[in-house]
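Before any comments, here is the structure.
All figures in this text were calculated on a predicted structure; none of them were measured in a lab. Sequence lines set the chain letters: A, B, ... in the order given, protein chains first and strands last, and positions in each chain run from 1.
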Amino acid sequence: MKSHPTPMLDQLESGEWPSFVTGIKRLRDTHPDRRIRETTNDLLGQLEYSYETRKGYWKGGTVSVFGYGGGIIPRFSSVGDLFPQSKEFHTLRVQPPAGNYYTTDILRQLANSWEKWGSGLVTFHGQTGNIMFIGANTKNTQHFFNEINEYGFDLGGAGPCVRTAQSCVGSGRCEQSCTNEHEIHRRLVNNFLDEMHRPALPYKFKFKVSGCPNDCMNAIERADFAVIGTWRDDMQVDQTEVKQYLSDKGRQYIIDHVISRCPTHALSLTDENRLEVENADCVRCMHCLNVMPKALSPGKDRGVSLLIGGKRTLKIGDRFGTMMIPFMKLENESDYEKLVALAEETIDFFAENALEHERIGEMIERIGLVNFIEALSIDVDPNMIVHPRENSYVRTDQWEEEAQKWFEHHPNDDPSADVA
Amino acid sequence: MANAERRVPIESGCPDGIQYMHPVMRENFGHWRYHEDPRPGVLRHVAHSGDEIWTVRAGTQRILDLFTLRKLCEIGDQFADGYIRFTIRSNIEFMLSDGDRVAALVEALESNGFVVGGTRNSVAAISHTQGWLHCDIPATDASGVVKSMMDQLVDEFRQWNMPNRVHITTSCCQINCGGQGDIAINIQHTKPPKIDHTQVANVCERPSVVARCPVAAIRPAMVNGKPSLEVDERKCVCCGACYPPCPPMQINDPEHSKLAVWVGGNHSNARARPTFQKLVAAGIPNNPPRWPEATAIVKRILKAYQTHAKDWERINDWVERIGWPRFFELTGLPFTKFHIDNWRGQQKSLNASTHLRF
């Protein structure tokens, strides 16, 4: 086999950061399977051609495994006559275990299967969270899927469907975790496998789970349905550890970097070196916990917040998720059932009301948040807004009924109750 | 398809990660007390039980070949009882219950060409999209841009030189699958698609192409007696969203696709509310194989941030404090009319006050 010259890509082999070019060349030059050597040779040829001409040459198409409608990113080369061995170079999106945990044994098993049927290139993980097995031809996608599916791996989503989810390292390792990310991740996704494997929604729908408001999974920005751990009682403070930080870091450092960085001025440091927290003012931003993880911990009454409608640019521009349910306990079977039921109602409403290629956040912007929450019977909550409306064009002729509803849910807030 | 292949899938969905989790993590699930950062790339988590788990993090090339994956497995077996995980920035993490083996593991990783780091206030590995390797509307190669940039930033990955963590992302088009970051390097198509009218009727479902356009710039049209599409070029924002459902609307352009740099994206709720990234530089040449112009701008921004931000300030926190006029002054980047939003909701980004910075 004659290797394509790759003078431009060769320049990406120098430098200290691990080089993807060196890795692909190793497959081309030393892999025992001729199919893999030839495939990666032509892949490098096409990539070099892209570098020279500064254009991409992949087109989509339709490839799926028997029984499913999605889960594979089809790629056909538009310069396939020049590089025939990588002319079909599809990616199988495979769902990773919740939390992205692996043993070397299971990774080797996946590697062996991929060696049999694919190009030998893989990414842990793509931006949606899938293991990306990059580079199978149409025929081999089925064989590869059959094999890994037998030992517990399943395709993720591609196209207008429920997508593969992501969850953080969470309770397995992190002291900030307020919930069981893995359980939430698997319950949500595995309840919607039909919607994942047979794309029939208006557009993509993503779940992501972060264990605390640091949101290491970027759920708030990239998930249609973001589940983020939080707490609603008082933050836990270990005053002995506070004193230790003060002695290690100095009083000035703690004032400048903890006390005065609190976004709601909920912290103060007493003359006796106690950290006092005005918990009613705390917005659970996590900053002070991040700086002093040994001294400060989330409260004990833990649960999750739900935000709906985060997405990136296409089509109307970026949106963060909107706070929909500020607090929800997730402790027993019935709590989890409630969460899944809410996700079902959300997806049903999305399926029925969104326009083609419209994310749920865009749909909510189009129809208005109030229409959305009324359709899902979600109670209004002041945590849903940054501030009340400024625009005075509003009909308020049902004010009394709405006020009554509020007091039914919040009897202690009703001033007339005091009079009676 | 042969009958043997008509196999009904087992719809098992997301596998249970607990089965692959280190036993110490399983036993202390939900009962972790605190963590420390003994050195860059190494974490030590301590449980209420007193158990410890040590994590060593290393950057990878993201597009892994099986030789590299097997090498990582070998190192994992030798030093970390075979328990590993990946972060969403494609770093690999090895978990150990015994801190004594950490130094040897770090040494094994470094001597095999991996870079240990990416924790706390370092520049983390760049998360990115597929680019020319696999995407269908890439105006640049994400892997190559990232490799070039990380070669220049490798010491910042290895060390804790920044005021707070820095997340960098790269996307090969404006649709921005790469996500947002403290610094994001994204390609901008700058010219409307070129339409091959002979192909549109054969290849494209025209209503769905029309529906994709965010600015309603695409209309059905008859061209030379055949059904096709036309683009109102004054409206077009060159996003490229019409290309996947309609490849005859070619958006890729070797000359007019340029890189742009955005800063201040932060999805964490720590301190302020989450923020989106903002445009700071555009028109940067798409210059393979090393894209030196883009890297130079990123380094300039990092230098200004490192010099002027306070501990714990992310880039968005820093800019919020010093203000945008000072940001452009400190980085020496030109401020242009393109920095002023003209999309819906633009008014929220305009200064309706006499708060000024000179």
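At a 4.5 Å heavy-atom cutoff, the contact between B:L43 and chain A is made by side-chain atoms alone. Heavy atoms of B:C213 lying under 4.5 Å from chain A belong exclusively to its backbone. Neither the backbone nor the side chain of A:V283 comes within contact range of chain B, judged by heavy atoms closer than 4.5 Å. At a 4.5 Å heavy-atom cutoff, the contact between A:L193 and chain B is made by backbone and side-chain atoms alike. At a 4.5 Å heavy-atom cutoff, the contact between A:E115 and chain B is made by backbone and side-chain atoms alike. Looking at A:V291, both its backbone and its side chain come within 4.5 Å of chain B, counting heavy atoms on both sides. With a 4.5 angstrom heavy-atom cutoff, B:T60 touches chain A only via backbone atoms. Neither the backbone nor the side chain of B:P244 comes within contact range of chain A, judged by heavy atoms closer than 4.5 Å. Of the atoms belonging to B:H134, heavy atoms from both backbone and side chain fall under 4.5 Å from chain A. The parts of A:H31 that come within reach of chain B are both its backbone and its side chain, each placing non-hydrogen atoms under 4.5 angstrom from that chain. Contacts of A:Q11 with chain B are made by both backbone and side-chain atoms, with heavy-atom separations under 4.5 Å. Using a 4.5 Å cut-off between heavy atoms, A:L43 touches chain B through its side chain atoms alone. With a 4.5 Å cut-off on non-hydrogen atoms, A:M217 touches chain B through its backbone and its side chain both. Of the atoms belonging to A:T91, heavy atoms from both backbone and side chain fall under 4.5 Å from chain B. If you measure heavy-atom distances from A:E365 to chain B, the contacts under 4.5 Å come from the side chain alone. Both the backbone and the side chain of A:S14 come within contact range of chain B, with heavy atoms under 4.5 Å apart. Interface remark: A:N112 contributes backbone and side-chain atoms alike to the contact with chain B (heavy atom separation under 4.5 Å). Contacts of B:H22 with chain A are absent, with no heavy-atom separation under 4.5 Å from either backbone or side chain. Neither the backbone nor the side chain of A:C178 comes within less than 4.5 Å of any heavy atom of chain B. Residue B:Q277 touches chain A through its side chain alone, counting heavy-atom pairs closer than 4.5 Å. For A:I316, the parts lying under 4.5 angstrom from a heavy atom of chain B are both the backbone and the side chain.
Chosen from A:G99, A:P213, A:G310, A:P263, the residue pairing most often with chain B at heavy-atom distances under 4.5 Å is A:P213. When each of A:T22, A:I220, A:V21 is scored by its heavy-atom pairs under 4.5 Å with chain B, the top score falls to A:I220. Ranking B:P138, B:S257, B:C177 against chain A, the residue ahead of the rest is B:C177, based on heavy-atom pairs under 4.5 Å. The greatest number of non-hydrogen atom pairs below 4.5 Å with chain B, out of A:H125, A:R261, A:E356, is found for A:R261. Heavy-atom pairs under 4.5 Å with chain A peak, among B:N252, B:V215, B:I175, at B:I175. Among B:N287, B:I84, B:N266, B:D317, the residue with the largest count of heavy-atom pairs under 4.5 Å with chain A is B:I84. Chain B forms the most heavy-atom pairs under 4.5 Å with one residue out of A:L355, A:V122, A:D215, and that residue is A:V122. Counting heavy-atom pairs closer than 4.5 Å to chain B, the top residue among A:I134, A:T123, A:I36, A:L9 is A:T123. Counting heavy-atom pairs under 4.5 Å between each of B:Q250, B:R89, B:R273 and chain A puts B:R273 at the top. Contact count versus chain A (heavy atoms, under 4.5 Å) is highest, among B:I92, B:T169, B:T87, B:D141, for B:D141. Residue with the most contacts toward chain A among B:D16, B:T129, B:I137: B:D16 (heavy-atom pairs, distance under 4.5 Å). With chain B as the partner, the residue from A:H257, A:H182, A:H185 showing the most heavy-atom pairs under 4.5 Å is A:H257.
With ring centers used as reference points, A:Y49 lies under 6.0 Å from A:Y57. In this structure, B:F86 has its ring center closer than 6.0 angstrom to the ring center of A:F124. When ring centroids are compared, B:W312 and A:H287 come within the 6.0 Å threshold.
Here the closest non-hydrogen pair linking B:E93 and A:R173 is OE1-NH1, 2.8 Å. Taking every heavy atom of both residues into account, B:W32 and B:H48 meet most closely at O-NE2, 3.7 Å.
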Given ring-ring contact (aromatic ring centres under 6.0 Å, His included), test A:F320 with B:F276 step by step and report yes or no.
CA-CA 9 Å; A:F320 288 116; B:F276 286 117; 3.8 Å; yes

For side chain to side chain contact (heavy atoms under 4.5 Å, CB included), just list the numbers for A:Q176 and A:M286, CA-CA rounded to whole Å, side-chain angles, deciding distance to a tenth of an Å, and then say yes or no.
CA-CA 9 Å; A:Q176 317 285 32; A:M286 298 302 295; 3.8 Å; yes

Go through it in stages, so that I can follow the logic: the residues are A:V94 and A:F145, the test is side chain to side chain contact (heavy atoms under 4.5 Å, CB included), and I'd like the CA-CA distance, side-chain angles, deciding distance and then a yes or no.
CA-CA 9 Å; A:V94 173; A:F145 171 68; over 6 Å; no

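Residues A:N214 and A:N290 bring a donor and an acceptor atom of their side chains to less than 3.5 Å of each other. For the residue pair B:S148 / B:D151, no side-chain donor-acceptor distance below 3.5 Å is found, with atom types taken as modelled.
By the 4.0 Å N-to-carboxylate-O rule, A:K55 lies too far from B:D253 to be salt-bridged with it.
A side chain to side chain contact (heavy atoms under 4.5 Å, CB included) with A:Q127 is found for exactly one of B:S127, B:S90, B:S171, namely B:S127.
A cation-pi arrangement is found for A:K294 relative to B:Y34, the charged atom lying closer than 6.0 Å to the ring centre and inside a 45° cone about the ring normal. A cation-pi contact, defined as under 6.0 Å to the ring centre and within 45° of the axis, is absent between A:R75 and A:F89.
Taking the six-membered ring for Trp and thresholds of 30 and 60 degrees, A:F207 and A:F192 have nearly parallel ring planes, at less than 30 degrees apart. Taking the six-membered ring for Trp and thresholds of 30 and 60 degrees, B:H167 and B:H267 have nearly parallel ring planes, at less than 30 degrees apart.
Other residues, nucleotides and ligands contribute only 12 or fewer heavy atoms inside 6.0 Å of the CD atom of B:E205.
Here A:R108 pairs with B:D77 under the salt bridge (charged side-chain N to carboxylate O under 4.0 Å, His left out) rule; sequence neighbours left out. Applying the side-chain contact (heavy atoms from CB on, under 4.5 Å) criterion to A:E183, with sequence neighbours excluded, gives A:N180, A:R187, A:Y336.
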